[in-house]
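These notes are about the structure you will find just below.
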Number of protein chains: 2
Amino acid sequence: MKNELTDRQREILTFIEQFRNENGYPPTLREIGRKFEIASTFGVKRHLEALVKKGFINIESNASRGITSLKNEFGLISDKLFQTESNFTKIPIIGRVAAGTPILAIENIEVSLVIDSSFLKKTGDYFALKVRGDSMIEAGIFDGDFVIVSSRKEALNGEVIVAMVGDEVTVKTYERSANQISLVPQNKNYSPILIDGKSEFSILGKVTGVIRLLN
Amino acid sequence: MKNELTDRQREILTFIEQFRNENGYPPTLREIGRKFEIASTFGVKRHLEALVKKGFINIESNASRGITSLKNEFGLISDKLFQTESNFTKIPIIGRVAAGTPILAIENIEVSLVIDSSFLKKTGDYFALKVRGDSMIEAGIFDGDFVIVSSRKEALNGEVIVAMVGDEVTVKTYERSANQISLVPQNKNYSPILIDGKSEFSILGKVTGVIRLLN
DNA sequence: CATTTAAGTGCTCAATTGTTCACTACAAAT
DNA sequence: ATTTGTAGTGAACAATTGAGCACTTAAATG
């Protein structure tokens, strides 16, 4: 047996892939059969077994919709993108911004976001944060926006930064005078946060991008 | 009922996501129950119903493993299932758009932009435009921003759309009354564009995302 | 204190789904 | 001529799975 697919098998493999992309779960034997007008589940099953034997899928026994590990005719799809194109950068989205909870715990990283590297300046550490509140709307940063942040510990006047004040993370404009650091909101309804010697304060990074998703 | 998740619901949502990423298909009620030591499928089912009500998942009735359309706490569609192929989507950037006084028509396709597919819905054609002008600043769309546009020919009142008026492309809020279509800027200094029967007018798409790059 | 909401048990039932068997048919290779 | 691989029907069966009900517990709400 050659490890090449017959036309029929290729059709079915393609259908499984499409189905999963559309529905979020693989098809059942009967759903495949309906599509290809195969009346017997056994007919379908043997196609799947052929696909397993040839290494294109795995099937979890006795599990409904138990098709896993899709490959296509060219081999593993999962590796394909990373081999050919490497100009993407994966950015972790740092956990929930709830007051009082530690946010920068690295274990909190649940989701990543991949963006075109051309959006970023140099190589460096980036992370993303979902913004809460409207204190920066005049700078075009709205509640629910994602900000892309370049990690750094210092900032220049006028830059939009992400800072840690006490145990809260905040996005503000950085203003430093002779002996006073101000975190200035871009919204008339809010007042600057003044940093005195006592406050726990640190700069986490500079905002280098904003992403907003609408419905 | 608030649309926020309880701890239990978040745990379960996270588990579903992980399960799907590991296995390629969503878990059954009992598989979820086994994980969390919930003996009754009914207990699990009501968690899922809560997640549906709050808009984090959809469930296909009577379908095994019928959980679809995962969102996570950030509102992103969890697309790791499709990591195999299209974790990224290539979007053509088309010319520029007048967001102030309409200036530019569609130029040539310059560049493409690659973004994480979780930013997009699964279906549909997308393109991107670079916005010129400040007529939409109150909607958080600034001069120089990129808007991601889902191609469509119709719109609902209040949606931010990209439209063609004459031979110029513009980004505005769509407002339709009995017999009048208005393209409303989000900036007090500008007036709506009124579409009469004579104008050549067509909707190019709906703005589904905004990307801003800062220095 | 009554009510609501979240969380769960134990159970039954019906629908969905995977497994398996016997049999047919055809083309290609040994 | 016989085997092998592919492709299918039809039916029966068992396991998995989702749906639903009555009832319980606990915490929060008002």
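Naming convention: chains lettered A, B, ... in sequence-line order (proteins, then strands); numbering from 1 in each chain. What you are looking at is a predicted structure, and each value in this text was computed from that prediction instead of being measured.
- Within 4.0 Å of A/Leu29, counting heavy atoms only, lies at least one base atom of the nucleic acid.
- B/Gln186 places no side-chain N or O within 3.5 Å of a backbone atom of B/Thr173 that could act as its donor or acceptor partner.
- The base of D/dG10 is paired with the side chain of A/Ser40 by a donor and an acceptor separated by under 3.5 Å.
- What separates CD1 of A/Ile32 from P of D/dG8 is a distance of 12 Å, to the nearest Å.
- Distance A/Lys54 NZ to D/dG5 P: 10 Å, rounded to the nearest Å.
- The distance between atom CZ of A/Arg8 and atom P of D/dG5, rounded to the nearest whole Å, is 20 Å.
- The side chain of B/Lys45 places an N or O atom within less than 4.0 Å of a non-bridging phosphate oxygen (OP1 or OP2) of D/dA19.
- In this structure, B/Glu49 does not pair ionically with B/Lys53, as no charged nitrogen and carboxylate oxygen lie closer than 4.0 Å.
- Formation of a donor-acceptor pair under 3.5 Å by the A/Ser40 side chain with backbone atoms of A/Phe42 is found in this model.
- Heavy atoms of A/Thr41 sit under 4.0 angstrom from at least one base atom.
- Comparing D/dG18, D/dT9, C/dT19 against the side chain of B/Arg30 picks out D/dG18 as the nearest.
- A/Glu60 comes within 4.0 angstrom of no nucleic acid atom, judged by non-hydrogen atoms across all strands.
- In this structure, CD1 of B/Ile16 is placed 11 Å from P of D/dG18, rounded to the nearest angstrom.
- Considering only side-chain atoms of A/Ala39, the nucleotide from C/dT9, D/dA19, D/dT9 that sits closest is D/dT9.
- When each of C/dA7, D/dT17, D/dG8 is scored by its nearest atom to the side-chain atoms of A/His47, the top-ranked nucleotide is D/dG8.
- Comparing atom distances between the A/Ser64 side chain and each of C/dT19, D/dT6, C/dT17 picks out C/dT17 as nearest.
- Between A/Gln9 atom CD and D/dG8 atom C1' there is a gap of 14 Å when expressed in whole angstrom units.
- The CD-C1' distance, from B/Glu37 to C/dA7, rounds to 14 Å in whole Å.
- Here B/Glu11 pairs with B/Arg8 in a salt bridge; the nearest charged N to carboxylate O distance falls below 4.0 Å.
- Under the salt bridge (Lys or Arg N to Asp or Glu O under 4.0 Å) criterion, A/Glu31 pairs with A/Arg65, not counting sequence neighbours.
- The distance from atom NZ of B/Lys53 to atom P of C/dA6 is 7 Å, rounded to the nearest whole Å.
- Proximity note for B/Phe42 (side chain, C-beta onward) versus D/dG8, C/dT19, C/dG8: the nearest is C/dG8.
- Two residues, B/Ala63 and B/Arg46, neighbour DNA chain C, and the one matched to the more 5' nucleotide by heavy-atom proximity is B/Arg46.
- One can place OH of B/Tyr25 at 14 Å from C1' of D/dT17, the figure rounded to the nearest angstrom.
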